[in-house]
Amino acid sequence: MAAATATIVTTGATAGGPPNPQGQRTTGGQPKPREPQPRIGQSQQIASSVLDRDFKFTLTALRSQADPLLATVRLRVFTFQGGAWKESDRATVGAVDSFFWFPLTGRHAVCEFSTAGTEPAPVAVSRLNTPSVGCSPTENFRIEDGRIVTAGEPPAATARQDPPTPTTSTSGPPPPSGTGGTSDTSV
């Protein structure tokens with residue numbers, strides 16, 4: 001009977017059985033205290049930049065509520081109004097929960113955080129994925145009137161709202177030269 005009990009205890013321990021009743025892990029007979037549990041909604045500022053009294057930028061790591069090992073990065077922009085910094089916009093950098101919490105909040109977490117005080121103000125951000133993988137691709141933004149615009153979007157002042165011009169296509173070979181058609185003479 002004692003052999004059966006030993007087998008059950010060994011199987012439970014190697015297969016991830018129930019925890020120690022005192023809630024402690026033992027190593028060499030000494031109890032090991034529990035590690036602190038991650039806080040849901042935890043955030044940590046990982047970088048900031050202040051450009052005179054024009055703009056203030058912050059990068060913040062936001063711990064995932066679904067998986068405490070993952071995090072999201074938020075870019076916040078502040079403008080100086082009435083003697084105080086007031087948030088004017090915020091945006092997620094990269095995909096939600098696409099970074100690991102510990103590398104993102106550790107040393108050397110920000111590979112690039114470039115800002116400038118021009119209008120529109122360019123912002124470039126690259127974060128550490130993991131020490132072995134390296135840095136994320138640089139994501140570019142610009143700040144127009146205190147608002148974050150993704151670098152690929154047209155500027156607000158020159159954005160066109162005109163509907164696209166309909167195009168017609170014909171099948172078959174292009175018209176022969178000299179008949180009013182266009183030709184491309186690339187070399």
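Note that the structure is a prediction, hence the values are computed from the model and not measured.
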J.: Decide side-chain contact (heavy atoms from CB on, under 4.5 Å) for Phe78 and Arg90; before the verdict, give the C-alpha distance in whole Å, the side-chain angles of both, and the deciding distance to 0.1 Å.
T.: CA-CA 9 Å; Phe78 299 84; Arg90 64 174 64 185; over 6 Å; no
J.: In this structure, would Leu70 and Val125 fall into the same cluster of hydrophobic residues linked by side-chain contacts under 4.5 Å?
T.: no
J.: First locate atom CG of Asp54, then atom OG1 of Thr118, and finally report the distance between them rounded to the nearest 0.5 Å.
T.: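 Spacing of CG (Asp54) from OG1 (Thr118) equals 10.0 Å.
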J.: Under a 3.5 Å distance rule, please check whether Thr105 uses its side chain to pair with a backbone N or O of Trp101 as donor and acceptor.
T.: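 Yes, the answer is positive, given that a donor and an acceptor are paired below the 3.5 Å cut-off.
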J.: Is Arg127 salt-bridged to Glu112, going by a charged N under 4.0 Å from an acidic O?
T.: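 Here Arg127 does not pair with Glu112 in a salt bridge, since their nearest N and O are not under 4.0 Å apart.
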J.: Which pair of non-hydrogen atoms, one from Ala121 and one from Ala116, has the smallest distance, and what is that distance?
T.: CB-O, 3.1 Å
J.: Mind checking whether Val123 and Leu59 sit in one hydrophobic cluster, side chains of I, L, V, M, F, W, Y counted as touching below 4.5 Å?
T.: yes
J.: Between Phe99 and Phe113, is there shared hydrophobic-cluster membership here, with clusters defined by ILVMFWY side-chain heavy atoms closer than 4.5 Å?
T.: yes
J.: Nearest 0.5 angstrom please: Leu75 CG to Thr58 OG1, how far?
T.: 7.0 Å
J.: Looking at every non-hydrogen atom in both residues, tell me the closest pair between Leu128 and Thr130 and how far apart they are.
T.: CD1-O, 3.4 Å
J.: Do Phe57 and Trp85 share a hydrophobic cluster, counting only Ile, Leu, Val, Met, Phe, Trp and Tyr and linking them when any side-chain heavy atoms are less than 4.5 Å apart?
T.: no
J.: For the OG1 atom of Thr115 and the CZ atom of Phe55, what is their distance to the nearest 0.5 Å?
T.: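 Interatomic distance, Thr115 OG1 to Phe55 CZ, rounded to 0.5 Å: 10.5 Å.
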J.: Grab the two heavy atoms, one from Leu104 and one from Val73, that are nearest each other, plus how far apart they are.
T.: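 Reported closest heavy-atom pair: CD2-CG2, 3.5 Å.
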J.: Do you see a donor-acceptor pair shorter than 3.5 Å between the side chains of Thr72 and Asp97?
T.: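 Judged by distance alone, the side chains do pair up.
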J.: Report, as yes or no, whether the 6.0 Å neighbourhood of atom CG on Asp145 holds more than 12 heavy atoms from other residues, nucleotides or ligands.
T.: no
J.: Donor-acceptor pair, Glu139 side chain versus Gly94 backbone, under 3.5 Å?
T.: yes
J.: Any side-chain to backbone donor/acceptor pair from Glu87 onto Arg76? Under 3.5 Å, distance only.
T.: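 A pair under 3.5 Å: no.
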J.: Of all the heavy-atom pairs spanning Gly146 and Ser88, show the shortest one and how long it is.
T.: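 Closest approach of Gly146 to Ser88: O-OG, 2.7 Å.
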J.: For the backbone of Ser136 and the side chain of Ser126, can you confirm whether one donor and one acceptor N or O come within less than 3.5 Å of each other?
T.: yes
J.: Identify which one of Val93, Asp89, Val77 satisfies the side-chain contact (heavy atoms from CB on, under 4.5 Å) criterion when paired with Phe141.
T.: Val93
J.: Would you compute the distance between atom NZ of Lys56 and atom OG of Ser49 and round it to the nearest 0.5 angstrom?
T.: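 Here the rounded value is 10.5 Å.
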J.: Once you round to the nearest 0.5 Å, how far does CZ of Arg142 lie from CD of Glu119?
T.: 10.5 Å
J.: Looking at Phe102, is Arg63 sitting on its ring face, NZ or CZ under 6.0 Å from the six-membered ring centre and within 45 degrees of the normal?
T.: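 The answer is yes, since Arg63 meets both limits relative to Phe102.
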J.: Please say whether more than 12 non-hydrogen atoms of neighbouring residues, nucleotides or ligands are located less than 6.0 Å from CZ in Phe100.
T.: no
J.: Verify, without hydrogens or angle tests, whether Asp67 (side chain) and Leu69 (backbone) share a donor-acceptor contact under 3.5 angstrom.
T.: yes
J.: Which value, rounded to the nearest 0.5 Å, describes the distance between His108 atom NE2 and Ile46 atom CD1?
T.: 14.0 Å
